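Written below as structure tokens is the structure these notes are about.
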Amino acid sequence: MLPTSTVASQRIADHLRAAILSGTLAPGTRIRQEDLAASLGSSRLPVREALRIMESEGLIVIKPNSGAWVSRLDRKECEDIYKIRERLEPLALAESIPHLTPAQMDALEGIQEQIEANDDPDRFLILDRAFHLATYEGCAIEQLSALVRRSWNTTQHYRRAYARLVDDSGRQVINYEHRLLLDAVRRGDTTDAEHFLTSHIRRTRLALARHTELFTPYGTD
């Protein structure tokens with residue numbers, strides 16, 4: 001059985017993760033330990049541990065003698081992370097594909113069908129994240145998987161803002177790219193899969209770069 005403090009830390013971390021990934025806590029929002037502890041009926045110790053967990057996942061930044069803030073990126077930082085994703089995620093996918101089961105591939109098909117039937121940007125964000133992370137489930141290199149999850153976490157807000165700008169033709173392109181990727185995964189063709197995924201991430205990176213308004217600075221309180 002896990003120590004009570006560990007259970008409490010995980011509970012608080014889960015709460016923070018959900019709030020940040022859903023956009024309830026925006027980039028640049030200050031997280032005050034005492035306020036968080038009071039609102040969740042917790043002591044300061046598990047809150048501090050939860051904040052460290054969130055920092056390791058790339059969701060918050062802890063500044064010594066200053067406090068904790070929800071992670072925030074400028075346009076250059078976001079572009080750099082996408083460039084890293086263009087290299088890391090195809091590798092994670094290639095490592096994953098040989099180990100994906102027929103059931104996992106069927107689950108991917110189900111997620112994509114939900115994406116195609118959906119027109120809500122916030123729902124798309126959840127499904128798109130589920131689709132891509134599910135393609136990496138067979139990757140046995142935990143360090144690589146952790147880096148991939150961290151990069152998805154740190155760019156979550158900007159993908160949400162961009163998803164709200166995508167029109168019907170843009171959604172058709174996304175679905176086409178997903179279908180190409182899914183077909184390569186089913187065929188076990190890691191070369192095609194890596195190529196399709198690299199192009200998919202690159203296209204989003206270039207699209208984000210054209211929307212500088214998405215990187216308007218947020219407040220820090």
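Since this is a predicted model, take the numbers as computed values, not measurements. Only heavy atoms go into these numbers, but all of them, side chains included; no hydrogens, no water, no symmetry mates.
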### Message
Any side-chain to backbone donor/acceptor pair from Ser71 onto Gly58? Under 3.5 Å, distance only.
### Response
yes
### Task
Report yes or no: do Ile126 and Tyr158 belong to one cluster of Ile/Leu/Val/Met/Phe/Trp/Tyr joined by side chain heavy-atom distances under 4.5 Å?
no
### Message
When you compare the side chain of Ile20 with that of Gln156, does any pair of heavy atoms fall below 4.5 Å?
### Response
no
### Task
Any chance you could lay out the side-chain contact (heavy atoms from CB on, under 4.5 Å) test for Thr190 and His195, step after step, and finish with the verdict?
CA-CA 8 Å; Thr190 57; His195 171 72; over 6 Å; no
### Summary
The complete set of salt bridge (Lys or Arg N to Asp or Glu O under 4.0 Å) pairs with one or both residues in residues 52-63, sequence neighbours excluded, reads Arg17-Glu57, Glu49-Arg52
### Query
Under a single-linkage definition using a 4.5 Å side-chain heavy-atom cutoff for Ile, Leu, Val, Met, Phe, Trp and Tyr, are Val173 and Leu197 assigned to the same hydrophobic cluster?
no
### Message
If the condition is salt bridge (charged side-chain N to carboxylate O under 4.0 Å, His left out), which residues does Asp74 pass it with, not counting sequence neighbours?
### Response
none
### Query
Taking the side chain from Thr101 and the backbone from Gln104, do they hold a donor-acceptor pair closer than 3.5 Å?
yes
## Note on the structure
Taken to the nearest 0.5 Å, the spacing of Leu182 CG from Ile111 CD1 works out to 10.0 Å
### Message
Among residues at least two apart in sequence or on other chains, which ones pass salt bridge (charged side-chain N to carboxylate O under 4.0 Å, His left out) with Glu113?
### Response
none
### Message
Please report the interatomic distance CG(Leu91) to OG1(Thr198), rounded to the nearest 0.5 Å.
### Response
10.5 Å
### Query
Checking salt bridge (charged side-chain N to carboxylate O under 4.0 Å, His left out) for the pair Arg179/Glu116: CA distance, chi angles, key distance, verdict?
CA-CA 10 Å; Arg179 283 293 175 183; Glu116 291 169 357; 2.8 Å; yes
### Query
With Asp183, which residues qualify under side chain to side chain donor-acceptor pair (under 3.5 Å), at least two apart?
Arg187
### Query
Can you list the residues that meet the side-chain contact (heavy atoms from CB on, under 4.5 Å) rule with Arg11, with sequence neighbours excluded?
Leu40, Ser42
### Partner residues of Thr24 under the side chain to side chain donor-acceptor pair (under 3.5 Å) criterion, sequence neighbours left out
Ser22
#### Entry: Considering all heavy atoms, the nearest Leu108-Ala134 contact
CD2-CB, 3.7 Å
### Message
Strictly distance-based, threshold 3.5 Å: is any side-chain N or O of Arg150 a donor or acceptor partner for the main-chain N or O of Ser145?
### Response
no
### Task
For the residue pair Leu180 and His200, establish whether any side-chain heavy-atom pair is separated by less than 4.5 Å.
no
### Message
Please tell me whether Val47 and Ile53 are part of a single hydrophobic cluster in this structure, the criterion being side-chain heavy atoms less than 4.5 Å apart.
### Response
yes
### Message
For the CD atom of Glu194 and the OG atom of Ser199, what is their distance to the nearest 0.5 Å?
### Response
11.5 Å
### Task
On the 0 to 90° scale, with breaks at 30° and 60°, tag the Phe131-His178 ring pair as parallel, tilted or perpendicular.
parallel
### Task
Keeping the roles fixed (side chain from Arg44, backbone from Ala37), state whether a donor-acceptor pair exists under 3.5 Å.
no
### Message
Please enumerate all residues that pass side-chain contact (heavy atoms from CB on, under 4.5 Å) together with Thr204, with sequence neighbours excluded.
### Response
Tyr82, Tyr162, Leu208
### Query
Are the side chains of Leu36 and Ile31 in touch, meaning some heavy atoms are under 4.5 Å apart?
yes
### Task
Run the numbers on Leu214 and Arg75 for side-chain contact (heavy atoms from CB on, under 4.5 Å), then give the verdict.
CA-CA 8 Å; Leu214 301 183; Arg75 185 172 65 83; over 6 Å; no
### Task
Could you walk me through whether Arg85 and Leu88 pass the side-chain contact (heavy atoms from CB on, under 4.5 Å) test, one step at a time?
CA-CA 5 Å; Arg85 286 185 57 197; Leu88 286 184; 5.9 Å; no
### Qualifying residues under side-chain contact (heavy atoms from CB on, under 4.5 Å), relative to Ala50, sequence neighbours excluded
Ile12, Ala13
#### Entry: Arg30 side, atom CZ; Asp35 side, atom CG - distance, nearest 0.5 Å
9.5 Å
#### Entry: Thr29 side-chain N/O to Leu25 backbone N/O, donor-acceptor pair under 3.5 Å
no
### Query
Quick one: are Asn153 and Arg129 in side-chain contact, heavy atoms under 4.5 Å?
yes
#### Entry: Worked verdict on His132 versus Trp152 for side-chain contact (heavy atoms from CB on, under 4.5 Å)
CA-CA 10 Å; His132 284 286; Trp152 271 79; 3.4 Å; yes
### Message
A side-chain contact here means heavy atoms from C-beta on lying under 4.5 Å apart; do Val185 and Leu93 qualify?
### Response
yes
### Message
The criterion is salt bridge (charged side-chain N to carboxylate O under 4.0 Å, His left out); which residues satisfy it with Asp80, sequence neighbours excluded?
### Response
Lys76
### Query
How about Leu133 and Tyr136: do any of their side-chain heavy atoms sit closer than 4.5 Å?
yes
### Task
Grab the two heavy atoms, one from Thr135 and one from Leu100, that are nearest each other, plus how far apart they are.
O-CD1, 3.9 Å
### Query
At their closest point, which heavy atom of Ile97 faces which heavy atom of Ala193, and how far apart are they?
CD1-CB, 3.5 Å
### Query
Would you say the side chain of Ser151 lies within less than 4.5 Å of the side chain of Ile84, judging by non-hydrogen atoms?
no
### Task
Drop me the distance from Ile141's CD1 to Glu95's CD, to the nearest 0.5 angstrom.
4.0 Å
### Task
List for me each residue that meets side chain to side chain donor-acceptor pair (under 3.5 Å) alongside Glu142, sequence neighbours excluded, and say none if there are none.
Arg149
### Task
Measure the shortest side-chain to side-chain distance between Val70 and Leu59 over non-hydrogen atoms and say whether it is less than 4.5 angstrom.
no
### Task
Answer with yes or no whether the hydrophobic clustering places Val166 together with Phe215; edges join I, L, V, M, F, W, Y residues whose side-chain heavy atoms lie under 4.5 Å apart.
yes
#### Entry: Joint hydrophobic cluster, Leu125 plus Ile81, side-chain heavy atoms closer than 4.5 Å
no
### By salt bridge (charged side-chain N to carboxylate O under 4.0 Å, His left out) - contacts of Arg203 (at least two apart)
Glu177
### Query
Residues two or more places apart in sequence or in another chain: which of them pass side-chain contact (heavy atoms from CB on, under 4.5 Å) with Asp120?
Asn118, Asp122, Arg123
### Task
Enter the distance from Glu213:CD to Leu165:CG here, rounded to the nearest 0.5 Å.
6.0 Å
